[in-house]
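Heavy atoms only: backbone and side chains are in, while hydrogens, waters and symmetry mates are out.
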Amino acid sequence: MAAELTAPELIAKHRPTLDQALEAIRTRAYWSPHPEHPKAYGEHGSLDAAAGKAAFDALLGTRLDLGQAGTDDWVGGEISPYGIELGVSYPHADLDVLLPAMKAGQPAWRDAGAEVRAVVCLEILKRISDRTHEFAHAVMHTSGQAFLMAFQAGGPHAQDRGLEAVAYAYAEQVRTPESAEWSKPQGKRDPLVLTKNFTPVPRGIGLVIGCNTFPTWNGYPGLFASLATGNAVLVKPHPRAVLPLALTVRIAREVLTEAGFAADLVALAAERPGEGIAKALATRPEIRIIDYTGSTSFGDWLEANARQAQVYTEKAGVNTVIVHSTDDYKGMLSNLAFSLSLYSGQMCTTPQNLLIPREGILTDQGPKTFDEVTADLARAVDSLLGDDARANALLGAIVNPDVKARLEAAAGLGEVALASREISNPEFPGAVVRTPVIVKLDGAKPDAEAAYMSECFGPVSFAVALGSVTDAVELLRRTVREKGAMTVGAYTTDSEVERAIEEVCLEEAAQLSFNLTGGVFVNQTAAFSDFHGSGGNPAANAALCDGAFVANRFRVVEVRHQG
């Protein structure tokens with residue numbers, strides 16, 4: 001069957017966007033081709049709000065047949081954190097049939113070349129972008145994110161991260177020329193002459209192990225990095241968050257088919273309840289690349305046991321903010337309150353430990369004691385979340401019972417500066433919505449260390465009183481070195497303190513933000529400019545996105561001809 005999407009057409013359509021992405025990763029300036037505002041959609045084939053909601057509703061209770069090889073059963077069972085049973089069923093794969101079918105499509109995909117692979121990936125992303133409203137509801141009802149966050153983080157921000165990975169993948173593949181004429185002089189004799197051809201070749205099949213909280217944002221970098229470098233990709237979603245990645249796989253398969261490639265280059269591995277296929281998949285010889293976001297324990301297991309694969313992990317860390325001094329006390333409190341509240345703290349970048357000198361801090365409003373700072377922060381959170389409608393729009397829903405249990409247990413770990421409260425959601429009465437808890441701990445007491453040196457994922461933060469800012473800097477170093485951190489924040493007006501904190505983060509490879517008091521928050525990163533994670537501390541062995549994230553997904557094979 002002739003391709004409906006020819007390579008020249010795709011290059012003409014998407015090469016300008018690819019070039020803009022390449023320029024963005026070079027300059028690190030702000031750029032995005034994907035609109036953040038819901039009202040921007042509804043033209044040029046994209047779904048508006050009503051059409052997107054209707055498309056999502058039409059999926060409920062249906063069977064999502066992807067037409068992939070080896071389907072031997074149908075599985076499902078997702079229940080929205082907002083209390084809705086999705087009722088969508090997905091293909092369950094016989095891996096002994098599916099994996100060979102995936103591998104069979106790789107030679108033609110490899111031979112297509114880096115540019116064609118890149119523009120096919122961009123066509124997939126364009127079609128996903130056109131259905132951002134539909135994806136927003138799918139992300140919302142699998143992750144518990146509030147709608148606007150699901151729309152932005154699960155839509156344009158995720159698409160940006162996917163495009164960023166394609167740009168890095170393309171840049172690394174074309175670093176080596178396709179061919180070279182090599183001539184070595186031999187004095188009076190004829191030179192030695194070779195024609196050399198260089199081909200990027202895929203490692204094998206890439207496995208993307210999805211997470212519950214950010215299925216697209218965390219899933220797209222690995223998916224598109226592997227696909228753009230010539231690998232087939234098997235997507236294993238989290239059992240509670242299948243739908244957004246299943247829709248992604250369906251669109252990818254449609255585009256690949258229309259472009260003349262095998263649909264099975266991208267496939268879904270949904271699982272039966274309790275089946276736990278990730279370990280079995282991860283150690284199969286066909287799987288040569290693994291992208292994983294989730295718990296430290298399973299990430300460590302993958303790194304130790306999936307020896308045949310190149311493993312990229314984003315695990316858990318203990319994110320820290322040092323509060324030493326500020327010239328905008330109100331702005332600092334407002335910024336921290338938002339950071340602690342957004343999506344109920346269910347982000348790998350949310351601050352957990354607030355390290356504050358016991359004698360207090362200097363501010364533009366005068367000196368503030370440790371107790372005053374924690375009380376004022378509690379009031380800032382209360383003010384931010386005082387209106388239930390606003391609170392629901394910021395907090396979303398608690399994603400699973402484990403987070404709720406940790407939140408409830410946290411109040412027993414120390415003196416509560418801010419108690420969590422329950423909020424009802426009139427639109428979704430089944431949603432579990434809770435405000436954050438802030439617990440005060442004395443850093444000098446050994447029993448407090450067990451709390452602040454462990455990740456407590458969810459809307460839980462610890463205000464840790466320490467003897468001095470020097471103690472805070474040393475605790476920051478130990479925390480990042482032993483537990484890892486995706487983010488570090490600091491507030492100080494002292495240049496020496498700033499240099500000391502920066503030196504720790506440079507030495508321990510932690511991403512750092514100073515004195516955020518406006519509309520940029522420590523737990524948010526921008527594709528094409530900010531690195532998400534560093535790959536240099538225990539929280540993650542890779543960064544989204546840099547050259548190292550893509551370069552080892554392919555190898556360059558050289559073929560030499562004499563004469």
Look only at the side chain of [X] and the backbone of [Y], and say whether a donor-acceptor pair between them is shorter than 3.5 Å.
X	Y	answer
W109	L227	yes
T487	T349	yes
Q106	R203	no
Q308	I287	yes
Y41	P35	yes
E36	P156	no
N392	S424	yes
N218	G210	no
D160	S32	no
Q68	L268	yes

Considering non-hydrogen atoms only, spot the tightest contact between [X] and [Y] and give its length.
X	Y	answer
L47	H133	O-CD2, 3.3 Å
S341	L395	O-CD2, 3.3 Å
P244	T216	CB-CG2, 3.9 Å
L377	L336	CD1-CB, 3.9 Å
L385	P436	CD1-CD, 3.5 Å
V437	L407	CG1-CD1, 3.5 Å

Taking only Lys NZ, Arg NE, NH1 and NH2, and the carboxylate oxygens of Asp or Glu, determine whether [X] and [Y] approach each other closer than 4.0 Å.
X	Y	answer
D264	R253	yes
E123	K13	yes
D402	R406	no

Side-chain donor-acceptor pair under 3.5 Å between [X] and [Y], yes or no?
X	Y	result
Q524	H157	no
T479	Y452	no
Y292	E303	no
H532	Q511	no

Is any side-chain heavy atom of [Y] closer than 4.5 Å to one of [X]?
X	Y	result
L245	Y220	yes
T435	P459	no
R240	N400	yes
W217	V139	no
Y170	R117	no
I251	F135	yes
T132	Q159	yes

Assert yes or no for the condition that the ring centre distance of F338 to F521 is strictly below 6.0 Å.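 Yes.
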
side-chain contact (heavy atoms from CB on, under 4.5 Å) for F224 and I124? Distances and angles first, verdict last. CA-CA 10 Å; F224 284 100; I124 296 168; 3.8 Å; yes

Begin with the C-alpha distance, continue with both residues' side-chain angles, and end with the deciding distance and a verdict on side-chain contact (heavy atoms from CB on, under 4.5 Å) for R434 and R421. CA-CA 6 Å; R434 299 288 189 275; R421 66 184 180 90; over 6 Å; no

Kindly indicate, with the supporting measurements, whether the criterion side-chain contact (heavy atoms from CB on, under 4.5 Å) is fulfilled by L64 and V242. CA-CA 11 Å; L64 201 68; V242 183; over 6 Å; no

Please evaluate residues E455 and K483 with respect to the criterion salt bridge (charged side-chain N to carboxylate O under 4.0 Å, His left out), reporting the C-alpha separation (whole Å), side-chain torsions for both, the decisive distance (0.1 Å), and the verdict. CA-CA 8 Å; E455 187 198 32; K483 302 297 182 180; over 6 Å; no

Would F528 and L163 count as a side-chain contact (heavy atoms from CB on, under 4.5 Å) if you check the C-alpha gap in whole Å, the side-chain angles of each, and the deciding distance to 0.1 Å? CA-CA 9 Å; F528 309 108; L163 175 54; 3.9 Å; yes

Please work out which of the three classes, parallel, tilted or perpendicular, describes the rings of W301 and F298, given edges at 30° and 60°.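 Answer is parallel, since the angle falls under 30°.
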
Return the orientation label for the F56 and H141 ring planes: parallel under 30°, perpendicular over 60°, tilted otherwise.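 Parallel: the ring planes of F56 and H141 meet at under 30°.
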
Against the six-membered ring of Y312, is R553 placed for a cation-pi contact (under 6.0 Å from the centre, within 45° of the normal)?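 Flagged: R553 positioned over aromatic ring of Y312.
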
Hey, is CD on E85 packed in by over 12 heavy atoms from elsewhere, all under 6.0 Å?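 No, CD of E85 has 12 or fewer neighbouring heavy atoms, counting only those of other groups under 6.0 Å.
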
What pairs with S334 under side chain to side chain donor-acceptor pair (under 3.5 Å), at least two apart in sequence or on another chain?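 Here no residue qualifies.
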
D96 and its side chain to side chain contact (heavy atoms under 4.5 Å, CB included) partner, picked from D94, L98, L99: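 For D96, the side chain to side chain contact (heavy atoms under 4.5 Å, CB included) check succeeds only for D94.
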
